[in-house]
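Following: one structure in structure tokens, then a few remarks.
Since we're looking at a predicted model, the values are computed, not measured.
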Amino acid sequence: MNRLIFSSVILASLCAAGAVAQPGAASITNEPHHKRLLYTNDVRFWDVTLPPGQATQPFVHDYDVATVVIGDGTLNIQRNGEGLTQPAPNARSVIVAEHTGAPATYRIENKGTTEYRALEIENMHEGNWPAAAPFTAPGSSVLKESRAFTIYDVLLEAGAPEVTHNHTGATIIVVIGGTLEQAGIGGTDPVRIQQPGQWLSLPRFQPHAVSAAGGAAAHAVEIEVR
């Protein structure tokens, strides 16, 4: 099973210093290809789907954002009106861009024949992010740390014991492959997610236990918001 890739080349362009959003660009809340899945004091969470031949309206990213790419498409990405020359992100990549205090305008066009789909997790804090406090657990490794996120790559083998850990920040769990089972929390029933892009959310300081189900390994990414 492929491991997740952190797209550092694209990150360098997305996080260029001195970013300023273009006048007239839409709020991300009004961009029709962005479907809001969750909105709390800690996180705003979007499902972005772009069929072949379609493009987003110009829209603004104004918070630090972690993007989990599910379906890659063939993208033409403009940032502040200028095309990015780096390769478009591939499926199973994770991109982090820093926009809090430095908003930028994007337009994304899918020029390919397959659907582009991604999940975007925004850290809604305005700054003063706490220091990272990553945990260690079997099957989990830190994929990326930024000022606003700690991102874990989670690979659980079939038949391996349930793994318990505790996130200090609000966390979004996204399944990449296989079937992930989260044990019941507070007397609730266990929950399984098994389609790429299915997700679960956890509040701050919520311990949880996960395992692979269905007789095969499970692969997920956990995005912890600081």
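At least one side-chain heavy atom of H208 sits less than 4.5 Å from a side-chain heavy atom of V210. Residues P196 and I176 have side chains not in contact (no heavy-atom distance under 4.5 Å, counting atoms from C-beta outward). For the pair Q182/L202, a side-chain contact is recorded, criterion being any heavy-atom separation below 4.5 Å from C-beta on. Side-chain contact between I108 and L50: present, with at least one pair of heavy atoms (C-beta onward) separated by less than 4.5 Å. When side chains are defined from C-beta on, W46 does not count as touching L37, because their heavy atoms never get closer than 4.5 Å. Using a 4.5 Å heavy-atom threshold, the side chains of T171 and V225 count as separate. Using a 4.5 Å heavy-atom threshold, the side chains of V43 and L38 count as touching. Counting heavy atoms from C-beta on, the side chains of Q194 and L180 never come closer than 4.5 Å.
Side-chain contact, D47 with T49: a donor N or O sits under 3.5 Å from an acceptor N or O. Residues R226 and T150 bring a donor and an acceptor atom of their side chains to less than 3.5 Å of each other. Side-chain atoms of H219 and D153 form a donor-acceptor pair, as typed in the model, at a separation below 3.5 Å.
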Audit row: V221, I173, side-chain contact (heavy atoms from CB on, under 4.5 Å) steps and yes/no: CA-CA 6 Å; V221 60; I173 306 164; over 6 Å; no
Trace of the side-chain contact (heavy atoms from CB on, under 4.5 Å) decision for N110 with Q54: CA-CA 6 Å; N110 186 356; Q54 293 192 20; 5.9 Å; no
Working for side-chain contact (heavy atoms from CB on, under 4.5 Å), residues H125 and D42: CA-CA 6 Å; H125 302 155; D42 297 314; 2.8 Å; yes
Residues T56, Y106; criterion side-chain contact (heavy atoms from CB on, under 4.5 Å); working and verdict: CA-CA 8 Å; T56 66; Y106 288 89; over 6 Å; no
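Closest non-hydrogen pair, G112 versus P52, comes out as O-CB, 3.2 Å. Taking both residues in full, the closest heavy atoms of E98 and S146 are given as OE2-CB, 4.2 Å, listed atom of the first, atom of the second, then distance. Looking at every heavy atom in both residues, I151 comes nearest to A66 through CD1-CB, 4.1 Å. Residues A55 and H33 share a closest heavy-atom pair of O-CE1, 3.2 Å. Contact between A132 and E145 at its shortest, heavy atoms only, is CB-OE1, 2.8 Å.
Hydrophobic clustering places V191 together with V154 (ILVMFWY residues linked when any side-chain heavy atoms are closer than 4.5 Å, directly or through intermediates). Under a hydrophobic clustering in which Ile, Leu, Val, Met, Phe, Trp and Tyr are joined whenever their side-chain heavy atoms come within less than 4.5 Å, directly or via other members, L119 and M124 fall into different clusters. Hydrophobic clustering (ILVMFWY, side-chain heavy atoms < 4.5 Å, transitive): I172 and W129 are in distinct clusters. Both V163 and V142 are part of a single hydrophobic cluster, where members link through side-chain heavy atoms under 4.5 Å apart.
With sequence neighbours left out, the ring-ring contact (aromatic ring centres under 6.0 Å, His included) criterion links W199 to F45. For E122, the salt bridge (Lys or Arg N to Asp or Glu O under 4.0 Å) partners are R44, not counting sequence neighbours. Listed by chain and number, the residues in a ring-ring contact (aromatic ring centres under 6.0 Å, His included) with F135 are Y152, H165, H167 (sequence neighbours excluded). Residues passing the salt bridge (Lys or Arg N to Asp or Glu O under 4.0 Å) test with R36, sequence neighbours excluded: none. Remark: A212 pairs with L156, A218 by the side chain to side chain contact (heavy atoms under 4.5 Å, CB included) rule, at least two apart or across chains.
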Distance-only check: which donor-acceptor pairs under 3.5 Å involve side-chain atoms of residues 57-65, not counting sequence neighbours?
residue	atom	partner	partner atom	Å
Y63	OH	E126	OE2	3.2
D64	OD1	H99	N	2.9
D64	OD1	T100	N	2.9
D64	OD1	T100	OG1	3.2
D64	OD1	R147	NH2	2.9
D64	OD2	R147	NE	2.7

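Separation of atoms OG (S93) and CG (L143) is listed at 10.0 Å; rounding is to 0.5 Å. Between the OG atom in S211 and the CD atom in E157 there is a gap of 12.5 Å [rounded to 0.5 Å]. For the atom pair OG1 of T168 and CZ of F205, the computed distance is 6.0 Å after rounding to the nearest 0.5 Å. The CZ atom of R107 sits 11.5 Å away from atom CG of L75, with the distance rounded to the nearest 0.5 Å. From L200, atom CG reaches atom CD of E181 across 11.0 Å, with rounding to the nearest 0.5 Å.
Using a distance-only test at 3.5 Å, with no hydrogens or angles considered, a donor-acceptor pair links the side chain of Q198 to the main chain of Q195.
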